[in-house]
Undergrad: 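The structure that follows is given in the form of structure tokens.
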Amino acid sequence: MRIAAFKSYKNGYYNFWFENGEELAFEDVHPRVLKQFDLKNDKSLIDKDFKITFVEDEDGDDIFYRIESLKPL
């Protein structure tokens, strides 16, 4: 579990910045998380810090990331 701030939802990607300065764009979010947090529409979540758990998966040569859980700090 790492700490990251939610920055935006643009063009189908959920963008988070991590405490080490790394930025990741997530293509997929577990439906349970989206029930809890409306990341697409709730502007109050921008710049909010979360404990985030995610998985990295490969589809051929492509790597994509999926958010498994979010917990607000």
Side-chain angles (χ1 to χ4, degrees):
M1 196 174 285
R2 295 174 58 190
I3 296 174
F6 176 63
K7 290 299 183 177
S8 66
Y9 174 77
K10 289 184 184 173
N11 302 320
Y13 291 93
Y14 303 88
N15 300 294
F16 283 80
W17 288 4
F18 290 83
E19 68 277 4
N20 65 358
E22 178 184 15
E23 183 179 358
L24 273 180
F26 296 90
E27 282 186 66
D28 197 15
V29 178
H30 194 286
R32 174 181 21 85
V33 174
L34 292 177
K35 275 186 153 183
Q36 213 175 359
F37 303 104
D38 185 4
L39 297 172
K40 290 182 182 179
N41 301 306
D42 188 347
K43 301 296 183 202
S44 71
L45 296 175
I46 294 174
D47 291 327
K48 186 168 180 70
D49 289 331
F50 292 92
K51 287 185 180 180
I52 185 171
T53 304
F54 63 93
V55 294
E56 181 180 312
D57 206 353
E58 292 182 39
D59 183 14
D61 290 337
D62 296 326
I63 296 175
F64 64 93
Y65 300 93
R66 175 187 168 114
I67 296 173
E68 293 294 313
S69 72
L70 283 179
K71 295 182 182 175
L73 290 179

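These values consider heavy atoms only, across backbone and side chains, with no hydrogens, waters or symmetry-generated copies.
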Undergrad: Do Leu24 and Ile67 sit in the same hydrophobic cluster, where Ile, Leu, Val, Met, Phe, Trp and Tyr count as joined when their side-chain heavy atoms come under 4.5 Å apart?
TA: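 Yes, one cluster joins them.
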Undergrad: Provide the closest heavy-atom pair for Ile46 versus Lys7 in the form atom of the first, atom of the second, distance.
TA: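 Taking Ile46 first and Lys7 second, the nearest heavy atoms are CG2-O, 3.6 Å.
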Undergrad: May I ask you to test the Lys51-Leu70 pair for a side-chain heavy-atom distance under 4.5 Å?
TA: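 Not touching, per the 4.5 Å side-chain cut-off.
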Undergrad: Measuring only between side-chain heavy atoms, which start at C-beta, is Glu19 closer than 4.5 Å to Asp49?
TA: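 No, every pair of side-chain atoms sits at 4.5 Å or beyond.
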Undergrad: Should Phe26 and Arg66 count as side-chain neighbours, where that means a heavy-atom distance under 4.5 Å?
TA: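 Result no, sub-4.5 Å side-chain heavy-atom pair not found.
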Undergrad: Supply the atom-to-atom distance Asn11 CG to Glu27 CD, rounded to the nearest 0.5 angstrom.
TA: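 Answer rounded to 0.5 Å: 12.0 Å.
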Undergrad: Where do Phe64 and Glu58 come nearest, in terms of heavy atoms and distance?
TA: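 Result for this residue pair: CE2-C, 4.4 Å.
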Undergrad: Where is the tightest heavy-atom contact between Ala4 and Ile52, given as atom of each residue plus distance?
TA: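 Heavy-atom minimum between the residues: CB-CG2, 3.9 Å.
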Undergrad: When rounded to the nearest 0.5 angstrom, what is the spacing between CE in Met1 and OG1 in Thr53?
TA: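 Atom-to-atom, Met1:CE and Thr53:OG1 are 3.5 Å apart.
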Undergrad: Might you work through the side-chain contact (heavy atoms from CB on, under 4.5 Å) test for Tyr65 and Glu56, ending with a clear yes or no?
TA: CA-CA 5 Å; Tyr65 300 93; Glu56 181 180 312; 3.4 Å; yes
Undergrad: Output the distance between atom OG (Ser8) and atom CG (Asp47), rounded to the nearest 0.5 Å.
TA: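 Interatomic distance, Ser8 OG to Asp47 CG, rounded to 0.5 Å: 10.0 Å.
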Undergrad: Looking only at non-hydrogen atoms, find the nearest pair between Phe16 and Leu39 and report the distance.
TA: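 Distance-wise, the nearest heavy atoms are CZ-CD1, 4.5 Å.
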Undergrad: So, taking the atom named CG in Asp28 and the one named CD in Glu68, what distance separates them when rounded to the nearest 0.5 Å?
TA: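 The CD atom of Glu68 is 8.5 Å from CG of Asp28, to the nearest 0.5 Å.
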Undergrad: Just one of Phe37, Trp17, Phe18, Phe6 clears the ring pair (Phe, Tyr, Trp, His ring centres under 6.0 Å) bar with Phe50, so which one?
TA: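 Single ring pair (Phe, Tyr, Trp, His ring centres under 6.0 Å) partner of Phe50 among Phe37, Trp17, Phe18, Phe6: Phe37.
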Undergrad: Might you work through the side-chain contact (heavy atoms from CB on, under 4.5 Å) test for Leu34 and Tyr14, ending with a clear yes or no?
TA: CA-CA 11 Å; Leu34 292 177; Tyr14 303 88; 3.9 Å; yes
